[in-house]
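Handing you this structure, nothing more for now.
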Amino acid sequence: MTLAFPMALLLLPLPVLARFLPGVRAQGATALRVSPGAFAAALPARGAEDRGRQTVLVAAWIALVAALAGPQVAATRELVTASGREILLALDLSGSMLKEDFVLDGKPLSRLDAVKRVATRFVAARQGDRIGLVIFGDRAYVAQPPTFDVASVARAIDIAQIGISGRSTAISDGLGLATRRIMGSEATTKVVVLLSDGVDTSGKVPATEVARLAASHGVRVHTIALGPADLEDQPASRDAVDAAALKEIAAVGGGTSFRVRSMADLEAMAATLDQLEPNPMKRPPLRYWRPLWMWPGGASLALVLLLAGWRRR
């Protein structure tokens with residue numbers, strides 16, 4: 001703690017000095033002097049009460065001078081400023097996201113739960129960005145419009161359930177809705193992060209064409225291929241992901257494609273994506289002085305009111 005105006009402490013002895021002013025002594029010299037015992041029988045002794053009042057008055061003066069000195073403590077505050085960036089997450093909620101082929105702490109974990117754990121942390125740390133969420137299965141929906149309230153987006157991801165948008169995988173519809181939603185934004189940087197664990201089974205337009213349209217409007221598209229099996233290696237697998245198609249979407253959309261097969265891959269993907277789209281909050285915090293004068297000032301006021309009530313009584 002430090003003082004903003006330490007010279008104000010020089011006012012502390014002012015009441016003592018005032019007792020020795022010439023005017024005060026002159027006034028006292030013209031007063032009528034009477035023997036102390038003259039009114040002893042008429043008035044009770046009030047020495048203790050007077051000393052109590054003087055103590056309260058001195059304490060009020062000390063508190064007032066302390067407030068004038070401006071006590072303050074050093075503090076820091078994170079700078080939360082708009083980054084000028086808008087990010088829309090397009091999350092696959094098809095039936096295959098229920099498959100438990102991820103492992104966390106030795107226990108099986110569904111693809112959706114694994115994504116929730118990482119995506120909610122990623123979103124919650126994006127203070128300063130406008131974040132939105134699109135979910136898709138058979139159809140695509142805007143689950144959370146772009147907002148600076150990243151905590152609400154994290155909650156929307158956390159409560160997302162399989163089946164609310166169908167159980168198929170309309171990648172092009174999800175990417176198309178996210179692109180259409182973000183194209184009208186006035187943000188200087190526009191990003192779509194597409195996450196899917198399957199093959200585009202019900203889209204009406206090739207997803208690469210949607211990505212090309214997005215790139216032509218200044219929207220960068222990152223893709224995340226989620227799942228242990230690739231369609232190229234296991235074409236007969238119902239749970240295989242079309243990693244090649246997602247990679248092509250990212251290439252056309254001017255972004256990066258991530259291949260995620262395990263929880264460790266998912267964590268590494270989030271870290272890499274955070275580097276590609278830097279968090280605007282990663283800057284030195286603002287250092288400032290927090291004033292504390294209101295505490296001694298309030299104490300001084302309370303003591304003065306106490307003294308006033310004492311005298312009235």
Side-chain angles (χ1 to χ4, degrees), residues 82-94 97 115-116 118-120 122-126 128-137 139-148 150 152-154 156-157 160 165 169-200 203-226 241-260 266 269-270 272-280:
S83 66
R85 174 170 44 228
E86 191 162 310
I87 300 177
L88 266 177
L89 301 180
L91 178 61
D92 185 352
L93 287 185
S94 59
M97 289 288 285
V115 168
K116 283 182 177 182
V118 176
T120 51
F122 171 79
V123 167
R126 308 301 302 186
D129 286 342
R130 276 168 54 91
I131 308 290
L133 175 66
V134 169
I135 59 175
F136 64 92
R139 298 166 299 279
Y141 300 96
V142 177
Q144 177 64 63
T147 175
F148 288 111
V150 294
S152 66
V153 183
I157 295 173
S165 58
T169 310
I171 293 178
S172 60
D173 290 353
L175 178 59
L177 179 58
T179 300
R180 185 167 68 250
R181 184 64 180 81
I182 202 172
M183 277 193 330
S185 171
E186 297 180 355
T188 55
T189 302
K190 307 172 188 178
V191 180
V192 172
V193 180
L194 170 66
L195 190 150
S196 178
D197 72 333
V199 182
D200 194 356
K204 300 178 178 60
V205 178
T208 51
E209 293 301 317
V210 179
R212 185 171 288 108
L213 175 65
S216 67
H217 286 81
V219 180
R220 185 163 56 250
V221 180
H222 300 297
T223 62
I224 301 170
L226 185 69
V241 59
D242 193 354
L246 291 173
K247 186 175 182 179
E248 184 180 0
I249 291 172
V252 172
T256 302
S257 180
F258 299 92
R259 186 66 183 92
V260 175
L266 197 59
M269 176 277 302
T272 303
L273 187 59
D274 202 29
Q275 294 175 3
L276 292 174
E277 305 297 340
N279 189 338

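Both backbone and side-chain heavy atoms feed into the values below; hydrogens, waters and symmetry mates do not. Because the structure is a prediction, the values reported are computed rather than measured.
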TODO: Using atom types as modelled and distance alone, determine if a side-chain donor or acceptor of K247 lies under 3.5 Å from a backbone N or O of A225.
DONE: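 Not at all, since once roles are kept as given, no pair shorter than 3.5 Å links the two residues.
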TODO: Check whether any side-chain heavy atom of M183 lies under 4.5 Å from a side-chain heavy atom of V219, and answer yes or no.
DONE: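 Heavy-atom side-chain distance check passes, below 4.5 Å.
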Task: Contact summary for D173 and A140, nearest pair of heavy atoms - done: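 Minimum heavy-atom contact is O-CB, 3.7 Å.
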Task: Spatial distance of atom CD1 (I135) from atom CD (Q144) [nearest 0.5 Å] - done: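 Reported value, rounded in 0.5 Å steps: 11.5 Å.
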Open item on the list: Using 0.5 Å steps for rounding, measure from the CD1 atom of I249 to the OG1 atom of T223.
Closed with: 6.5 Å
Open item on the list: For a quick test of reading the model, state the closest non-hydrogen atom pair linking A160 to L93 and the distance between them.
Closed with: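 Result for this residue pair: CB-CD1, 4.0 Å.
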TODO: Please answer whether the main-chain N or O of A214 pairs with a side-chain N or O of T179 as donor and acceptor at a distance below 3.5 Å.
DONE: no
Task: For A270, side chain to side chain contact (heavy atoms under 4.5 Å, CB included) partners two or more places apart - done: V118
Task: Pairwise salt bridge (charged side-chain N to carboxylate O under 4.0 Å, His left out) hits with a residue in residues 210-223, at least two apart - done: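 As it turns out, the salt bridge (charged side-chain N to carboxylate O under 4.0 Å, His left out) pairs with a partner in residues 210-223, which skip direct neighbours, are E209-R212, R220-E277.
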Task: Side-chain touch R126/V153, heavy atoms, less than 4.5 angstrom - done: no
Task: Sequence neighbours excluded - salt bridge (charged side-chain N to carboxylate O under 4.0 Å, His left out) pairs with any residue from residues 181-196 - done: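 Every candidate salt bridge (charged side-chain N to carboxylate O under 4.0 Å, His left out) pair involving residues 181-196 fails, so no pair, neighbours aside, qualifies.
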TODO: Might you work through the side chain to side chain contact (heavy atoms under 4.5 Å, CB included) test for L177 and F136, ending with a clear yes or no?
DONE: CA-CA 9 Å; L177 179 58; F136 64 92; over 6 Å; no
TODO: To the nearest 0.5 angstrom, please state how far the OG1 atom of T147 sits from the CG atom of L133.
DONE: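 One gets 12.5 Å once the value is rounded to the nearest 0.5 Å.
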Task: Interatomic distance, D197 atom CG to I171 atom CD1 [nearest 0.5 angstrom] - done: 8.5 Å
- [ ] Taking the side chain as every heavy atom from C-beta outward, state whether L89 and L195 have any pair of such atoms under 4.5 Å apart.
- [x] no
- [ ] Examine distances only and state if a side-chain atom of D129 and a backbone atom of I131 form a donor-acceptor pair shorter than 3.5 Å.
- [x]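 Looks like no, no N/O pair under 3.5 Å.
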TODO: Taking all heavy atoms of S172 and all of P206, pick out the closest pair and write down the distance.
DONE: CB-C, 4.3 Å
Task: Shortest non-hydrogen separation from L88 to P146 and the atoms involved - done: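 For L88 and P146, the tightest heavy-atom pair comes out as CD2-CG, 4.2 Å.
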Task: Heavy-atom pair with the smallest gap, counting every atom of D92 and M97 - done: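 For D92 versus M97, the nearest heavy atoms are O-CG, 3.3 Å.
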Task: Point-to-point distance, once rounded to the nearest 0.5 Å, from CZ of F122 to CD1 of I87 - done: 5.0 Å
Open item on the list: Using side-chain heavy atoms (C-beta onward) and a distance below 4.5 Å, is L226 in contact with V241?
Closed with: no
- [ ] Output the distance between atom OG1 (T256) and atom NE2 (H222), rounded to the nearest 0.5 Å.
- [x] 5.5 Å
